[in-house]
Amino acid sequence: MSVNVVALCYLVASVCFILALKGLSHPSTARRGNVLGIIGMVIAVVVTFTVAYSASGNVVGIIGGIIVGGLIGSVIAQRVQMTQMPELVAAMHSLVGFAAVLIAVATMNNPAAVGLPVPIPTGNRFELFVGTFIGAITFSGSIIAFGKLSGKIKSAPVVFVGQHFVNLALAIIMIGFGAWFFMGGGWTPFIIMTAIAFLLGVLMIIPIGGADMPVVISMLNSYSGWAAAGIGFSLNNPMLIISGSLVGSSGAILSYIMCKAMNRNFISVILGGFGAEEGAQAANASQKTVKSGSADDASFIMSNAESVIIVPGYGLAVARAQHAVKELADKLREKGVDVRYAIHPVAGRMPGHMNVLLAEAEVPYDQVFEMEDINNEFGIADVALILGANDVVNPLAEEKGSPIYGMPILEAHKARTVIVNKRSMASGYAGVDNPLFYLDKTMMVFGDAKKVVEDIVKAVE
């Protein structure tokens with residue numbers, strides 16, 4: 001395959017990736033975006049495979065890797081639940097970061113295999129330095145994020161005295177050894193730099209609480225892209241550079257959007273410390289009284305309403321209640337009730353988490369509204385049905401002095417009647433009590449979201 005043909009194929013694949021990102025920006029075009037992304041990746045893999053075969057003629061290892069990796073990916077894709085998507089994404093980010101580190105190690109071990117002279121030129125050393133430390137931070141940080149999201153590690157921030165100074169000192173030492181490697185050092189500075197980067201990834205993520213997990217996911221996504229791009233320069237692979245840059249830039253933009261949606265800044269997220277352990281009891285919550293009701297009560301209220309806005313949260317995801325909610329919405333519409341869904345940008349554990357769950361339940365896209373498009377409707381809605389959401393509907397965000405002050409929220413408290421389904425009175429990831437639960441117009445329906453919604457459906461029928 002000639003150089004021009006390779007360049008043309010990489011260009012076509014790059015265009016597919018760009019169009020895929022555009023398609024994934026809206027639920028109605030997401031399927032097309034996925035297809036374009038798959039086409040671009042197939043082209044990139046086939047061309048890279050062909051180039052590798054032409055260069056060495058020995059592709060047994062490559063074929064074996066493709067087969068093993070493809071089988072593992074297929075099994076995971078078939079078994080993973082939609083509720084496990086956040087931790088799966090974190091796990092995939094870790095693999096991208098680790099791959100960048102392994103490629104850098106292989107390049108150091110045998111520069112000629114990737115077309116580099118010995119000694120490795122200064123420019124390529126800088127590329128290896130950047131790709132390696134970003135990849136190592138991405139790997140270890142993503143492992144911690146995976147543990148927090150999957151419940152294997154407590155989601156509460158892990159902090160200690162002088163933590164930020166330790167991180168800063170490690171970062172300076174890492175850059176120092178990276179500079180030594182860049183100036184012509186061998187394996188010693190490279191290994192020390194990489195080890196510190198692995199440690200720094202852990203220390204950067206453990207102080208970040210669950211409330212900031214959506215930002216962490218998009219941030220690590222960005223890191224994985226930049227790691228891939230850095231290694232792409234070392235391998236002189238334009239496809240890797242382009243795709244890595246697309247992932248890195250889109251992840252950075254998404255991180256900014258998530259921070260804006262939470263009224264947080266990127267530095268404060270990295271410094272961590274915001275977000276209590278999920279399930280923690282908010283202070284003084286046990287001393288307050290709430291109005292509780294049954295599924296029959298909720299059914300009666302919604303059946304006699306003209307408009308209902310459903311606010312899905314992580315509780316819905318944990319209970320896998322999206323199909324039951326879709327059935328409830330259909331039953332209410334049969335009775336002439338206008339039913340819509342309100343989605344907060346950071347509801348759940350990753351950007352778009354609720355959109356994915358509702359799409360799996362085949363909820364029509366025109367019934368799903370983003371926060372800025374539906375917030376004005378709560379004031380005229382008869383009922384706001386909140387399913388497992390906490391911080392994203394907390395009116396304390398509108399009060400100065402609150403830990404979440406300024407965070408844009410879904411204004412469910414403005415509805416005429418509020419029905420809240422929760423398993424308990426535990427606080428959300430931010431560890432802040434929610435005064436919405438104690439309003440006279442609020443009725444709490446305790447229990448597993450799926451069971452409660454199914455009972456409401458039976459009562460509606």
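- Counting only N and O atoms by type, the side chains of Ser299 and Asp296 include no donor and acceptor under 3.5 Å apart.
- Considering only heavy atoms from C-beta on, Val130 stays 4.5 Å or farther from Trp226 through its side chain.
- Contact annotation: the side chain of Val393 approaches that of Asn434 to within less than 4.5 Å [non-hydrogen atoms, C-beta and beyond].
- A 4.5 Å side-chain heavy-atom check between Leu19 and Cys16 finds every atom pair outside the cut-off.
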For residues 453-461, tabulate all N or O donor-acceptor pairs below 3.5 Å that involve a side-chain atom, not counting sequence neighbours.
unit_1	atom_1	unit_2	atom_2	d
Asp455	OD1	Lys451	NZ	3.4
Asp455	OD2	Lys451	NZ	2.8
Glu461	OE2	Lys331	NZ	3.3

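- Counted within 6.0 Å of CD on Glu306, heavy atoms from surrounding residues, nucleotides or ligands total 12 or fewer; the atom is thus considered open.
- The distance from atom CD1 of Ile196 to atom CG of Leu203, rounded to the nearest 0.5 Å, is 11.5 Å.
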Extract all donor-acceptor atom pairs below 3.5 Å that involve side chains of residues 240-247 and protein atoms in other chains or at least two apart in sequence.
unit_1	atom_1	unit_2	atom_2	d
Ser243	OG	Met239	O	2.9
Ser243	OG	Leu240	O	3.3
Ser245	OG	Ile241	O	2.7

Quiz prompt | Phe369 and Ile343: CA distance, side-chain angles, deciding distance, side chain to side chain contact (heavy atoms under 4.5 Å, CB included) verdict | solution = CA-CA 6 Å; Phe369 295 85; Ile343 306 297; over 6 Å; no

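- The environment of Phe160 atom CZ is dense: over 12 non-hydrogen atoms of other residues, nucleotides or ligands sit within 6.0 angstrom.
- Side chains of Glu360 and His323 form a contact here, defined as non-hydrogen atoms less than 4.5 Å apart.
- For Asn304, there are no side chain to side chain donor-acceptor pair (under 3.5 Å) partners at least two apart in sequence or on another chain.
- Within the structure, the side-chain hydrogen bond (donor to acceptor under 3.5 Å, both in side chains) test picks out the following pairs touching residues 409-419 (sequence neighbours left out): Asp382-Arg416, Glu411-Lys414.
- Shown here are the side chain to side chain donor-acceptor pair (under 3.5 Å) partners of Arg31, two or more places apart in sequence or in another chain: there are none.
- Every residue two or more places apart in sequence or in another chain was checked for a side chain to side chain donor-acceptor pair (under 3.5 Å) with Glu327, and none qualifies.
- Taking NZ from Lys291 and CD1 from Ile419, the interatomic distance works out to 11.0 Å, rounded to the nearest 0.5 Å.
- Every pair passing ring pair (Phe, Tyr, Trp, His ring centres under 6.0 Å) that includes a residue from residues 85-104 is listed here, sequence neighbours excluded: Phe98-Phe139.
- With sequence neighbours excluded, the residues satisfying side chain to side chain contact (heavy atoms under 4.5 Å, CB included) with Asp330 are Lys326, Arg333.
- Every residue two or more places apart in sequence or in another chain that forms a side chain to side chain contact (heavy atoms under 4.5 Å, CB included) with Asp338 is listed here: Ser307, Arg340.
- A heavy-atom distance below 4.5 Å is found between the side chains of Met443 and Asp297.
- The aromatic ring centres of Phe133 and Phe129 sit less than 6.0 Å apart.
- The local environment of NZ in Lys441 is crowded, with over 12 non-hydrogen atoms from other residues, nucleotides or ligands closer than 6.0 Å.
- Panel note: side chain Ser222, backbone Gly251; no donor-acceptor pair is recorded below 3.5 Å.
- For Phe300, the CZ atom is loosely surrounded, since the number of other residues' heavy atoms within 6.0 Å does not exceed 12.
- With a 4.5 Å cut-off on side-chain heavy atoms, Pro364 and Gln367 count as touching.
- With no hydrogens or angles considered, no side-chain donor-acceptor pair links Tyr314 and Asn390 at under 3.5 Å.
- Side-chain contact check for Phe446 versus Val452: every heavy-atom pair is 4.5 Å or farther apart.
- A donor-acceptor pair under 3.5 Å is formed between the side chain of Asn375 and the backbone N or O of Ile409.
- Taking Thr194 as the reference, Val101, Thr132, Ala136, Phe190, Phe198 meet the side chain to side chain contact (heavy atoms under 4.5 Å, CB included) condition, with sequence neighbours excluded.
- Note on residues 128-142: no pairs pass salt bridge (charged side-chain N to carboxylate O under 4.0 Å, His left out), not counting sequence neighbours.
- Within the 3.5 Å criterion, the main-chain N or O of Ile206 finds a donor-acceptor partner in the side chain of Lys148.
- Atom CZ of residue Phe146 and atom CD1 of residue Ile205 lie 15.0 Å apart, to the nearest 0.5 angstrom.
- Residue Phe181 holds its CZ atom at 13.0 Å from CD1 of Ile192, rounded to the nearest 0.5 Å.
- The line from CE of Met444 to OG of Ser292 is 9.0 Å long, rounded to the nearest 0.5 Å.
- Contact of the Met302 side chain with the Leu328 side chain is registered, since non-hydrogen atoms from C-beta on lie closer than 4.5 Å.
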Quiz prompt | Trace of the side chain to side chain contact (heavy atoms under 4.5 Å, CB included) decision for Ser74 with Leu71 | solution = CA-CA 5 Å; Ser74 298; Leu71 288 174; 5.7 Å; no

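- Around atom CZ of Phe233, no more than 12 heavy atoms belonging to other residues, nucleotides or ligands sit under 6.0 Å away.
- By the neighbour-count criterion of 12 heavy atoms within 6.0 Å, atom CD of Glu362 is sparsely surrounded, having that number or fewer from other residues, nucleotides or ligands.
- In this view, Thr442 satisfies the side chain to side chain donor-acceptor pair (under 3.5 Å) rule with no residue, not counting sequence neighbours.
- Atoms NE2 and CG, from His353 and Leu316 in turn, are 9.0 Å apart once rounded to the nearest 0.5 Å.
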Exercise. Check the pair Met174 / Leu199 against side chain to side chain contact (heavy atoms under 4.5 Å, CB included), numbers first and verdict last.
Key: CA-CA 10 Å; Met174 180 190 71; Leu199 177 60; over 6 Å; no

Quiz item: Given the rule in the side chain to side chain donor-acceptor pair (under 3.5 Å) test, do Ser255 and Ser218 qualify, once you have shown the distances and angles that lead to the verdict?
Solution: CA-CA 5 Å; Ser255 296; Ser218 58; 3.0 Å; yes

